[in-house]
Amino acid sequence: MNSSKSNLFLIELILGIMFFAVIAAVCIELFSASYKMEENSSYMAVAVNEASNVAEVARNSGFDNMDAYRDILGMTVESDKAVKTNEYGLTSTITQSLEDENTYNILITDEEEQQVYSLLVKRDR
Amino acid sequence: MSKLKTRHSISNIFPVILFILFAFCIITVLVLASSFYRKTVVATEVNDNVRTAISYIREKSRQTSGVKYAVTECGDTIIFNEGMGYGTFVYAYEGDLMEIFTDLDSSLVPGDGVRICSLLGMSVEEKSSDNVDYLIIDMKTDDENENTIVIEANTGADFE
């Protein structure tokens with residue numbers, strides 16, 4: 001009788017643990033996904049701010065004034081583009097569009113060179 | 001008979017051990033979940049403050065006719081010219097980004113400002129290139145991170 005009770009308890013416990021394990025796995029995954037989403041959102045906020053900073057300098061300095069990108073934002077000026085990597089590992093690049101000389105493309109990429117954010121800015125003619 | 005007794009003893013202890021293990025797992029999962037939740041809430045709050053501060057300063061600089069930087073009684077202060085001799089003074093004070101709307105010549109009391117959002121600190125630097133002046137605003141949003149905003153400093157004649 002005693003042994004039968006113990007067995008029942010054991011079966012109940014094993015079923016409980018199995019159920020708990022499944023729920024726990026799902027919960028942890030959901031929490032980690034929400035944390036990852038939050039991290040991406042913070043990353044995106046920084047990327048948008050970086051692009052806005054480049055756009056602000058571009059708009060006020062006549063777009064193709066590479067000295068302004070270097071002096072104000074500390075960007076490295078290469079032949080046809082200005083590049084800067086910030087402390088978050090995001091790289092901002094501004095280049096003139098190949099299709100339209102009055103359009104400039106501000107591209108923010110991460111450490112794996114994947115695009116995080118891009119912004120097209122157009123010069124008033 | 002004695003063989004049967006031994007089996008009984010083990011089968012009684014095993015569920016108890018399993019139950020203790022089960023309880024330990026529950027506590028571990030709860031601690032992990034609360035840690036994730038706390039981290040997410042803190043990160044959301046910091047992110048929210050960063051975006052509020054950045055949007056506020058950027059929009060204000062576009063909305064007003066002039067922007068300049070000065071060191072006032074409130075420390076590093078960005079002054080937005082609202083016209084008619086009035087201005088909005090924006091500064092960081094005791095962990096918050098604050099603003100005061102008052103006339104441009106009056107002296108400021110830091111505690112009199114209206115709180116906008118949390119901000120640990122703000123420092124402003126002026127830079128210019130080809131006769132265009134910029135304000136480089138470094139905002140310390142938490143212990144680790146800083147965000148920089150660049151806005152055009154348009155002091156113009158309105159501030160005179």
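No hydrogens, no waters, no symmetry mates; every other heavy atom, side chains included, goes into these values. The chains referred to below are lettered A, B, ... by the order of the sequence lines, with proteins before strands, and numbering in each begins at 1.
- In terms of non-hydrogen atom pairs under 4.5 Å with chain B, the most contact-rich of A/I14, A/I17, A/D71 is A/I17.
- Only the side chain of B/R62 comes within contact range of chain A, with heavy atoms under 4.5 Å apart.
- One hydrophobic cluster, built from ILVMFWY side chains closer than 4.5 Å, holds both B/L135 and B/L119.
- For B/L18, the parts sitting under 4.5 Å from any heavy atom of chain A are the backbone and the side chain alike.
- Across A/A68 and B/S129, no two heavy atoms sit closer than the pair CA-OG, 3.4 Å.
- Around CZ of A/F20, the count of heavy atoms belonging to other residues, nucleotides or ligands within 6.0 Å exceeds 12.
- If you check the side chains of A/N49 and B/R58, you find a donor sitting under 3.5 Å from an acceptor.
- Judged by distance alone, with hydrogens and angles left aside, the side-chain atoms of A/N60 form no donor-acceptor pair with the main-chain N or O of B/E152 at under 3.5 Å.
- Around atom OH of B/Y37, no more than 12 heavy atoms belonging to other residues, nucleotides or ligands sit under 6.0 Å away.
- When side chains are defined from C-beta on, B/K39 does not count as touching A/E39, because their heavy atoms never get closer than 4.5 Å.
- Hydrophobic clustering places B/V150 together with A/V48 (ILVMFWY residues linked when any side-chain heavy atoms are closer than 4.5 Å, directly or through intermediates).
- Taking hydrophobic clusters as Ile, Leu, Val, Met, Phe, Trp and Tyr residues chained together by side-chain heavy-atom distances below 4.5 Å, B/V124 shares a cluster with B/V67.
- With a 6.0 Å radius and a threshold of 12 heavy atoms from other residues, nucleotides or ligands, A/Q115 has its CD atom above the threshold.
- Looking only at side-chain heavy atoms (C-beta outward), A/Y88 and B/N147 come within less than 4.5 Å of each other.
- Residue A/N86 does not touch chain B at all, counting heavy-atom pairs closer than 4.5 Å.
- Between the side chains of A/S41 and B/N47, at least one donor-acceptor pair of N or O atoms lies under 3.5 Å.
- Residue contact with chain B, scored on non-hydrogen atoms closer than 4.5 Å, is absent for A/E50.
- Options A/V54, A/D67, A/I28 differ in how many heavy-atom pairs under 4.5 Å they form with chain B, and the most are formed by A/I28.
- Contacts of B/I149 with chain A are made by both backbone and side-chain atoms, with heavy-atom separations under 4.5 Å.
- Counting non-hydrogen atoms of other residues, nucleotides and ligands closer than 6.0 Å to CD of A/E113 gives a total of 12 or fewer.
- The interface of residues 19-28 of chain B with chain A, defined by heavy-atom distances below 4.5 Å, comprises B/F19, B/F22, B/C25, B/I26.
- Only the backbone of B/S128 comes within contact range of chain A, judged by heavy atoms closer than 4.5 Å.
- A continuous path of hydrophobic side-chain contacts links B/I136 to A/L90 [ILVMFWY only; heavy atoms under 4.5 Å].
- With a 4.5 angstrom heavy-atom cutoff, A/V57 touches chain B via backbone and side-chain atoms both.
- Taking hydrophobic clusters as Ile, Leu, Val, Met, Phe, Trp and Tyr residues chained together by side-chain heavy-atom distances below 4.5 Å, B/L104 shares a cluster with B/M98.
- In this structure, chain B has a heavy atom under 4.5 Å from the side chain of A/L73, while its backbone stays farther away.
- For the residue pair B/Y134/A/S61, the side-chain donor-acceptor check at 3.5 Å is satisfied.
- A/E38 and B/T44 form a side-chain donor-acceptor contact under 3.5 Å, judged by distance and modelled atom types alone.
- Checked by atom type and distance alone, the side chain of A/N53 pairs as donor or acceptor with a backbone atom of B/T148 at under 3.5 Å.
- The most heavy-atom pairs under 4.5 Å with chain B, out of A/G62, A/G16, A/S34, A/S52, come from A/S52.
- Looking at B/L32 and A/F31, their side chains never come closer than 4.5 Å, going by heavy atoms from C-beta outward.
- Other residues, nucleotides and ligands contribute only 12 or fewer heavy atoms inside 6.0 Å of the NZ atom of A/K81.
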